[in-house]
Amino acid sequence: MTKYKIPVISGDGIGPEIIEEGKKVIDAASEIGGFEVEWISFPHGSDYYLETGELMSEDTLKELGKYRAIYLGALGDPRVKPGVVELGILLKLRFYFDQYINLRPIQLLDGTWTPLKDKKPEDIDFTVVRENTEDFYVGVGGRCKKGGGTDTLEIVRNMYSLKFGLDIQSDSEEIAYQIGVISREGATRVIKYAFELAKRKGKERVTSVDKANVLTHMYGFWREVFEDVSKDYPDIETEFNFVDAICMWMVKNPEWFKVIVTPNMFGDIITDLGAMIQGGLGVAPGGNINPKGTSMFEPIHGSAPKYKGMDKANPIATIWAGAMMLDVLGEEKASNYIELAIRQVLKEGKVRTYDLGGSSKTSEVGNEIAKKVKTLW
Ligand code: IPM
Ligand code: MN
């Protein structure tokens with residue numbers, strides 16, 4: 001019997017509660033699917049940081065690197081300054097493991113509600129492939145007061161390393177600058193993944209997002225790479241959308257979209273919009289994928305501190321992320337059955353959390369989906 005060891009970082013706020021349900025559902029699938037899962041808990045998150053001062057040590061990263069997938073709950077706590085755990089844990093993991101694909105399915109499921117008038121589940125069904133390691137997320141920048149100064153900015157990655165030596169002359173009172181980076185290697189691999197995904201799923205079109213009309217350097221380059229990669233896929237239609245325009249089209253004609261590939265920051269923005277049109281953050285999952293390394297799966301929502309410990313939050317995004325994790329691990333059948341069970345439970349509408357108009361508890365939704373996996377199989 002195949003045995004998977006999966007590290008779990010349940011994290012902050014509602015993280016532990018939703019992860020519990022995700023594990024429960026995967027355990028149920030494993031019982032009949034003929035595989036075994038051993039969960040390995042990691043305490044990292046805001047509490048652990050406040051107690052020990054550790055966000056994510058090199059030793060922990062090395063340990064996590066022994067496994068193919070990490071199951072992540074949520075991060076963020078009002079006691080910790082914004083950005084600390086986000087950068088120190090979440091982005092740290094994404095970058096360290098070079099999880100260059102952020103896969104975010106935008107699917108409206110029967111039984112959830114979209115704010116888009118007259119749109120049905122068949123109208124909202126596409127996948128966003130978000131680049132996950134570059135763009136303005138590389139985190140290089142600084143500030144400079146009147147008179148100027150010098151600065152050295154460095155990025156060290158598996159694929160390349162990069163250093164900017166800045167000689168700043170400025171008579172502004174104070175400036176801040178942030179440098180975005182897109183590399184040919186980085187853009188090529190994620191765009192290729194998007195085309196391969198379209199090919200595998202029989203989708204006729206890949207849409208690229210940019211702002212090449214204004215941020216000409218970085219996103220003009222992205223466009224060029226997209227055009228280069230697309231030449232290998234003559235049967236797939238291509239198009240470019242500016243990021244502002246795609247926000248409009250996602251609301252007006254979501255049915256147009258099949259696979260969207262986007263640089264990191266625009267991907268961050270449009271997937272929150274995507275989550276809303278697919279029935280809310282409670283049902284929006286994501287995968288941070290390195291096909292040859294350690295991937296990580298999480299709901300795209302945050303830690304919702306005010307619902308912590310109330311057994312109230314919707315665990316579906318996390319359960320769905322768990323299904324995506326099984327798919328990447330090679331347990332496609334179990335993955336499909338979990339997705340099917342989610343669909344079925346939502347469609348029946350008897351067990352659902354407050355955000356979907358119900359009054360069921362987090363654990364009741366998990367129990368119901370776990371049970372459904374077993375009856376459907
Ligand atoms: C997301 C989140 C993160 C991001 C934050 C928490 C760093 O918004 O996963 O979309 O910007 O990528
Ligand atoms: Mn986001």
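Just follow the structure's listing: the first ligand is 1, and inside any ligand the first atom is 1. In this chain, residues are counted from 1 in sequence order.
Among all heavy-atom pairs drawn from Val138 and Ile179, the shortest one is CG2-O, 3.4 Å.
Annotation: atom 7 (C) of ligand 1 to nearest protein heavy atom, Glu86 CB, 4.0 Å. Given atom 5 (C) of ligand 1, the protein heavy atom at minimum distance is Leu90 CD2, 4.2 Å. In terms of protein heavy-atom proximity, atom 4 (C) of ligand 1 is nearest to Tyr137 OH, 3.5 Å.
At least one heavy atom of Arg94 sits under 4.0 Å from some atom of ligand 1. In this structure, Arg130 is part of the shell of residues with a heavy atom less than 4.0 angstrom from ligand 1.
The number of heavy-atom neighbours closer than 6.0 Å to CD of Glu173, taken from other residues, nucleotides and ligands shown, is 12 or below.
Residue-level check: among N/O/S atoms of Asp268, OD1 sits closest to the Mn ion (ligand 2).
Asp355 and Thr353 form a side-chain donor-acceptor contact under 3.5 Å, judged by distance and modelled atom types alone.
The shortest N or O to N or O distance between Arg104 and ligand 1 is below 3.5 Å. No N or O atom of Glu298 sits closer than 3.5 Å to an N or O atom of ligand 1.
Of the candidates Ile269, Asp268, Asn288, Thr271, it is Asp268 that places a heavy atom closest to atom 2 (C) of ligand 1.
Geometric assessment of Arg157 against the ring of Phe95 yields a positive cation-pi assignment under the 6.0 Å and 45° thresholds. Both tests do not hold together for Lys211 against Phe266: distance to the six-membered ring centre under 6.0 Å, angle to the ring axis within 45°.
For the side-chain contact (heavy atoms from CB on, under 4.5 Å) test with Phe97, the passing option among Leu61, Ile289, Asn288 is Leu61; the others fail.
Under the 4.5 Å side-chain criterion, counting only non-hydrogen atoms from C-beta, Phe242 is in contact with Asp210.
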